[in-house]
Amino acid sequence: AQTVTQSQPEMSVQEAETVTLSCTYDTSESDYYLFWYKQPPSRQMILVIRQEAYKQQNATENRFSVNFQKAAKSFSLKISDSQLGDAAMYFCAYRGGSQGNLIFGKGTKLSVKP
Amino acid sequence: GAGVSQTPSNKVTEKGKYVELRCDPISGHTALYWYRQSLGQGPEFLIYFQGTGAADDSGLPNDRFFAVRPEGSVSTLKIQRTERGDSAVYLCASSPRMGEQFFGPGTRLTVL
């Protein structure tokens with residue numbers, strides 16, 4: 001069975017600085033997708049960034065980028081120029097190529113200090 | 001356009017009661033997912049619909065949980081004989097077939 005592990009329950013970053021959130025996963029599939037979701041106190045999950053396993057190039061969305069290490073099964077999220085609005089729970093998620101559902105990690109709570 | 005909506009936003013019930021949670025997906029999305037998020041955890045998959053049929057219900061914890069999507073749009077998650085351990089946030093998401101999942105704000109269920 002596939003698993004997703006986030007080893008950092010909480011992280012803190014100074015406004016305008018850079019922070020990296022860690023995620024590792026385990027799978028025997030070759031076709032899959034990886035995601036980072038943000039969940040503010042409003043509870044609504046918001047997609048931050050996605051990565052297709054077959055793509056070697058790391059995904060980037062504005063201030064958000066990933067470091068995808070397929071052999072190591074690692075998928076970290078880097079947030080540059082952190083803003084107060086980035087404070088939230090961040091979840092790493094996996095979806096198999098033929099599956100519909102997402103498998104989530106336990107999340108990392110990010111605090112941003114002014 | 002409108003996003004995924006879920007009603008009610010909060011539901012408090014007593015142990016043993018029956019509850020229904022509703023999800024209105026984004027118009028045109030054929031896939032609909034239910035997840036359960038317990039306190040301090042990530043969401044856990046419950047059931048996935050493609051159209052009107054349940055494509056995968058392997059995440060339903062037991063036979064007290066049931067979900068329907070009779071017309072391929074709105075879905076209802078039904079929980080019979082609720083237990084205190086059912087207390088959680090129930091999240092619904094919809095997507096175009098196998099595409100990006102868009103989540104609703106969730107229903108917080110509290111079983112007293």
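In what follows, chains are A, B, ... by sequence order, proteins preceding strands, each numbered from 1. Bear in mind that the values here come from a model prediction, so they are computed numbers and not experimental data.
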Donor-acceptor pair, [X] side chain versus [Y] backbone, under 3.5 Å?
X	Y	result
A:Thr60	A:Ser65	no
B:Ser75	B:Val68	yes
B:Asp24	B:Val74	no

A:Tyr25/A:Tyr32 aromatic ring centres below 6.0 Å
yes

Are A:Met45 and A:Tyr90 connected in a single hydrophobic cluster, I mean Ile/Leu/Val/Met/Phe/Trp/Tyr linked by side-chain heavy atoms less than 4.5 Å apart?
no

Side chain, backbone, both or neither: which part of [X] has an atom under 4.5 Å from a heavy atom of chain A?
X	answer
B:Ser9	both
B:Leu91	side chain
B:Tyr35	side chain
B:Gln6	neither

When you compare the side chain of B:Arg64 with that of B:Ile79, does any pair of heavy atoms fall below 4.5 Å?
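The answer is yes, as the side chains (C-beta and beyond) meet within the 4.5 Å cut-off.
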
Against chain B, label [X] side chain, backbone, both or neither, depending on which of its atoms sit under 4.5 Å from a heavy atom there.
X	value
A:Gln6	neither
A:Leu102	both
A:Tyr37	side chain

Please determine, among A:Gln39, A:Met89, A:Arg43, the option with the most heavy-atom pairs under 4.5 Å with chain B.
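Heavy-atom pair counts peak at A:Arg43.
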
Looking only at heavy atoms and a cut-off of under 4.5 Å, which of A:Lys109, A:Gln44, A:Lys106 has the most pairs with chain B?
A:Gln44

What distance do B:Ser38 atom OG and B:Glu44 atom CD have between them, rounded to the nearest 0.5 Å?
6.0 Å

